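Heads up, the thing below is written out as structure tokens.
Owing to the predicted nature of the structure, the values given are computational and were not obtained by experimental measurement. Values below: every heavy atom of this structure, side chains too, minus hydrogens, waters and symmetry copies.
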Amino acid sequence: MAAPPQLQALLRAVNALLRKRRYHAALALIKGFRNGIVYGVKIRAPHALVMTFLFRSGSLRDKLRAILQATYTHSRNLACFVFAYKGLCALQSRAQGKTSPAHSFLAAFVGGFLVFGDNNSINSQINMYLTSRVLFALCRLGVEKGYLPELRWDPFPWYTAVVWGLVLWLFEYHRPTLQPSLQSSMTYLYEDSNVWHDISDFLIYNKSRPSE
């Protein structure tokens, strides 16, 4: 069934507007905000669902509320950051009449401070995720630019050994320094596996179910 003529005319007008180059910067802000929401939901919802039902106690309603809250916070923050970053980049470019690498850093610096500066669990996870990627990228950039020597052997196994050695040492002897979700995961793997009473909590359940 064909769309009504009024709707077809409206769609043509909207599509014509979207193709106008002079509105590109402003429209990019809107689409960036949209993509931030969609990507935040895609990333956070499955993660929150799994982690909540694995490690969080409470009623089903409480768990669903926690999942929705985490998903909302992640998608909102990501959408707001994309909007702020693209807007600040556009303002700097317009003010100077050209783009510069410094624009990207300054826009992200301000946007990160305003959007991700609140010290909560969601922002902590996002920032720690980025920290590891940034460190890897800076090392590769250092090699590419000649600031760091290119090794003839693969350092990845040694890097892996140090990371795992440190994280288990911290878990065993300085546990409060680790993020709560990591503590929960490692408790499940390395402590709960030391305790059982019978076949039910040895193979079927992690912990024995309370007797009814």
- Atom CZ of Arg175: over 12 foreign heavy atoms under 6.0 Å: yes

- Message: If you define the side chain from C-beta out and look only at heavy atoms, does anything of Leu182 sit under 4.5 Å from Val167?
- Response: yes

- Check step by step if side-chain hydrogen bond (donor to acceptor under 3.5 Å, both in side chains) holds for Gln69 and Thr73. CA-CA 6 Å; Gln69 182 61 46; Thr73 302; 3.1 Å; yes

- Task: Give, for atom OG1 of Thr71 and atom CD1 of Ile37, the distance between the pair rounded to the nearest 0.5 Å.
- Result: 13.0 Å

- Task: Of all the heavy-atom pairs spanning Ala70 and Ile122, show the shortest one and how long it is.
- Result: CB-CD1, 3.9 Å

- Message: How about CH2 on Trp153, more than 12 heavy atoms from neighbouring residues, nucleotides or ligands closer than 6.0 Å, or not?
- Response: yes

- Heavy-atom pair with the smallest gap, counting every atom of Val82 and Phe33: CG1-N, 4.3 Å

- Message: Could you measure the distance from the CG atom of Asp62 to the CZ atom of Arg65? Nearest 0.5 Å is fine.
- Response: 5.5 Å

- Has Phe116 got more than 12 heavy atoms of other residues, nucleotides or ligands less than 6.0 Å from its CZ? yes

- Are Leu106 and Leu88 close enough that some pair of their side-chain heavy atoms sits under 4.5 Å apart? no

- Query: Phe81 vs Tyr85 aromatic rings, parallel, tilted or perpendicular, using cut-offs 30° and 60°?
  - Reply: parallel

- Message: With a sphere of 6.0 Å drawn around NE2 of His197, does it hold more than 12 non-hydrogen atoms of other residues, nucleotides or ligands?
- Response: no

- Message: Both conditions, 6.0 Å and 45 degrees, for the charged tip of Arg140 above the ring of Phe136: are they met here?
- Response: no

- Query: Do Leu60 and Leu49 belong together in a cluster built from hydrophobic side chains that touch within less than 4.5 Å?
  - Reply: yes

- Do you know which two heavy atoms are closest between Phe171 and Gln183, and how far apart they sit? CE1-O, 3.9 Å

- Task: Kindly give the heavy-atom pair with the smallest separation between Asn123 and Val115, and that separation in Å.
- Result: ND2-O, 3.8 Å

- Task: Measure the shortest side-chain to side-chain distance between Tyr188 and Ser193 over non-hydrogen atoms and say whether it is less than 4.5 angstrom.
- Result: no

- Note on the structure: Rounding to 0.5 Å, atoms CD1 (Ile126) and CG (Asn77) come to a distance of 6.5 Å

- Under 3.5 Å donor-acceptor, Asp118 side chain and Asn120 backbone: no

- Message: Looking only at side-chain N and O atoms, does His74 offer a donor or acceptor that is under 3.5 Å from a partner on Gln125?
- Response: no

- Between CZ of Phe53 and CG of Leu64, what distance do you get to the nearest 0.5 Å? 5.0 Å

- Task: Indicate the atoms forming the closest heavy-atom contact of Leu178 with Met186, along with that distance.
- Result: CD1-SD, 4.3 Å

- Message: With a 3.5 Å distance limit and no angle check, can you tell me whether His47 reaches the backbone of Arg44 through a side-chain donor-acceptor pair?
- Response: no

- Which pair of heavy atoms, one from Cys89 and one from Ala107, lies closest together, and at what distance? SG-CB, 3.6 Å

- Quick check: does any side chain N or O of Asn15 sit under 3.5 Å from a backbone N or O of Leu11, one acting as donor and the other as acceptor? yes

- Message: Tell me every residue that passes side chain to side chain contact (heavy atoms under 4.5 Å, CB included) with Val38, counting only those two or more places apart in sequence or in another chain.
- Response: Arg34, Lys42

